[in-house]
Asks: 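Next up is a structure, given as structure tokens.
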Protein chains: 2
Amino acid sequence: MISKKDIPCFENPLGKAMGIITKNYWGALSKKLEHIGIDRHFTTMAAIAQAKEKCTQQYLSDLLAVDKVHMVRVLDYLVSHGMITRTVNPLDRREHIIKHTAKAKKIMPVIQNGIAEMNKTAFKGFNTKEKELFNGFVETIILNLKNLPVNEVDIKIKK
Amino acid sequence: MISKKDIPCFENPLGKAMGIITKNYWGALSKKLEHIGIDRHFTTMAAIAQAKEKCTQQYLSDLLAVDKVHMVRVLDYLVSHGMITRTVNPLDRREHIIKHTAKAKKIMPVIQNGIAEMNKTAFKGFNTKEKELFNGFVETIILNLKNLPVNEVDIKIKK
DNA sequence: AAAACTAGTTAACATTGTTTACTGTTAATA
DNA sequence: TATTAACAGTAAACAATGTTAACTAGTTTT
């Protein structure tokens, strides 16, 4: 019987973990929250809630590492669901300032709790030191892979 | 200045790491390999190469945690690029046996090297013990989140 | 023989990501 | 000042992925 350990891409288990997180936890949260008004884009909602400076679309794109074209659609979704307003910045009329509506402010605790619950469940059994260790590992992996130029990957075919 | 640490969903950094892996490393590998014949579905290729029992579509779906409908399209892609053959199993004519073509066998070392390179880059600076520790953490997180019933997530709105 | 199950396919649709081209606004500079 | 470059956001088109439902064909169960 083949196991996933025999497939080299699964030696790095990040992909597997991510799939399970997405399917199980975000999925569960989505179903819970669709009755309240939205069923996705929770991280964008959280980012808007906690933005400490002027919250433009470009700012959100950079923060969440999402293409600005896609961000337009995310924000269209949130506008159409009554969660945010877009206002032109009078100081720089190119910019749109994103703000939560009253409705959004009301449901933010639910989203925050949901996200907190996800983290609590994911790290069940970890003590503080282990959690820090894990986060450090991930930070290192991110640095190892960040800004990897396409041309640096150079693999030759064996004859 | 808001940092990603202020957004609770980023306290669990798996999502962030996964995005970087996908964009940088798989992206780089894709560009390298498109000249050889394919630019995606490398994990499926690796799984087929190392399958130790009869390699049906259902088997691959289960192993790679991919929907069987999507698997049809992945295999259509690989057939159309001359990488695999589909043969009806004479012992059970419902099943299709997936096998690599000669062309695929030729490029598999490139894919294997690419994947190995990804792991090497990602874990640069890790010693064996740290790598094992990290993998153990990920296994625990996977177990923590696996089969999480949708109904178990129960969050109440604060008034 | 009928019913239930399994493997795979097809079609339709939604979401996400990417590219290109575009409008309008602001900043840089010659 | 006039021109050019840069920036924020939008629109349209398209590809890739994920999901559901309905379907064919073959196998197993009863």
Side-chain angles (χ1 to χ4, degrees), chain A residues 15 18-24 26-28 30-31 34 38-44 48 51 53-81 84-99 150, chain B residues 15 18-24 26-31 33-34 38-44 48 51 53-81 84-99 150:
Chain A
M18 219 18 231
I20 291 163
I21 289 171
T22 306
K23 284 203 181 169
N24 286 318
W26 286 114
S30 296
K31 295 220 165 163
E34 66 187 3
I38 51 173
D39 65 352
R40 53 188 181 281
H41 305 314
F42 307 126
T43 60
T44 304
I48 295 166
E53 51 181 84
K54 67 175 179 179
C55 184
T56 64
Q57 299 190 193
Q58 190 62 57
Y59 168 77
L60 288 171
S61 293
D62 293 341
L63 185 64
L64 301 171
V66 163
D67 190 88
K68 70 172 182 169
V69 177
H70 179 51
M71 187 51 73
V72 169
R73 285 191 297 212
V74 171
L75 296 177
D76 284 347
Y77 173 91
L78 292 176
V79 167
S80 73
H81 287 71
I84 60 162
T85 56
R86 263 193 269 232
T87 323
V88 171
N89 181 5
L91 299 172
D92 184 338
R93 294 182 49 76
R94 292 173 300 184
E95 295 177 343
H96 289 188
I97 304 293
I98 307 302
K99 283 205 178 113
V150 170
Chain B
M18 219 19 231
I20 291 162
I21 289 171
T22 306
K23 284 202 180 168
N24 286 320
W26 286 114
L29 194 53
S30 296
K31 296 219 165 164
L33 295 185
E34 67 187 2
I38 51 173
D39 64 352
R40 53 188 181 282
H41 305 313
F42 306 126
T43 61
T44 304
I48 294 165
E53 52 180 82
K54 66 176 181 182
C55 184
T56 64
Q57 299 190 193
Q58 190 61 57
Y59 168 77
L60 289 171
S61 293
D62 293 341
L63 185 64
L64 300 171
V66 163
D67 190 88
K68 69 172 182 172
V69 179
H70 179 51
M71 187 50 73
V72 170
R73 285 191 296 213
V74 171
L75 297 177
D76 284 346
Y77 173 91
L78 291 177
V79 168
S80 73
H81 287 71
I84 60 162
T85 56
R86 264 193 268 233
T87 324
V88 172
N89 181 6
L91 299 172
D92 185 339
R93 295 181 47 76
R94 291 172 300 182
E95 294 178 344
H96 289 189
I97 305 293
I98 308 301
K99 284 203 176 113
V150 170

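Note that the structure is predicted; figures quoted are calculated from it, not measured. Numbers restart at 1 for each chain; the letters A, B, ... are given by sequence-line order, proteins then strands.
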Asks: Please figure out whether A:D76 or A:E95 has its closest DNA chain D nucleotide nearer the 5' end.
Replies: A:E95
Asks: Could you run down nucleotides 14-19 of chain C 5' to 3' and tag each one B, S or - for protein heavy-atom contact under 4.0 Å?
Replies: -SSBBB
Asks: Can you name the side chain to side chain contact (heavy atoms under 4.5 Å, CB included) partners of A:E34, sequence neighbours left out?
Replies: A:D39
Asks: So, using side-chain hydrogen bond (donor to acceptor under 3.5 Å, both in side chains) as the criterion, who are the partners of A:K54 when residues are at least two apart?
Replies: A:E95
Asks: Considering residues at least two apart in sequence or located in another chain, which fulfil the side-chain hydrogen bond (donor to acceptor under 3.5 Å, both in side chains) criterion with A:R40?
Replies: none
Asks: Under the side chain to side chain contact (heavy atoms under 4.5 Å, CB included) rule, collect the residues that match up with B:V74, sequence neighbours excluded.
Replies: B:H41, B:T44, B:H70, B:M71, B:L78
Asks: Check side chain to side chain contact (heavy atoms under 4.5 Å, CB included) between B:R93 and all other residues, then give those that pass, not counting sequence neighbours.
Replies: B:V88
Asks: Would you mind reporting whether A:K68 and A:Q58 have side-chain heavy atoms less than 4.5 Å apart?
Replies: yes
Asks: Do you know which of A:I98, A:T43, A:V66 makes side-chain contact (heavy atoms from CB on, under 4.5 Å) with A:L60?
Replies: A:I98
Asks: By side chain to side chain contact (heavy atoms under 4.5 Å, CB included), which residues pair with A:T85, not counting sequence neighbours?
Replies: A:T87, A:K99, A:T101
Asks: So where does chain B start and stop touching DNA chain D, 5' to 3', when the test is distance under 4.0 Å to a non-hydrogen atom?
Replies: D:dA16 to D:dT27
Asks: Would you jot down, in residue-number order, the residues of residues 85-94 of chain A having a non-hydrogen atom under 4.0 Å from DNA chain D?
Replies: A:R86, A:R94
Asks: Could you work out, with side-chain hydrogen bond (donor to acceptor under 3.5 Å, both in side chains) as the rule, every residue matching B:D67, not counting sequence neighbours?
Replies: none
Asks: Residues in salt bridge (Lys or Arg N to Asp or Glu O under 4.0 Å) with B:R94, at least two apart?
Replies: B:D92
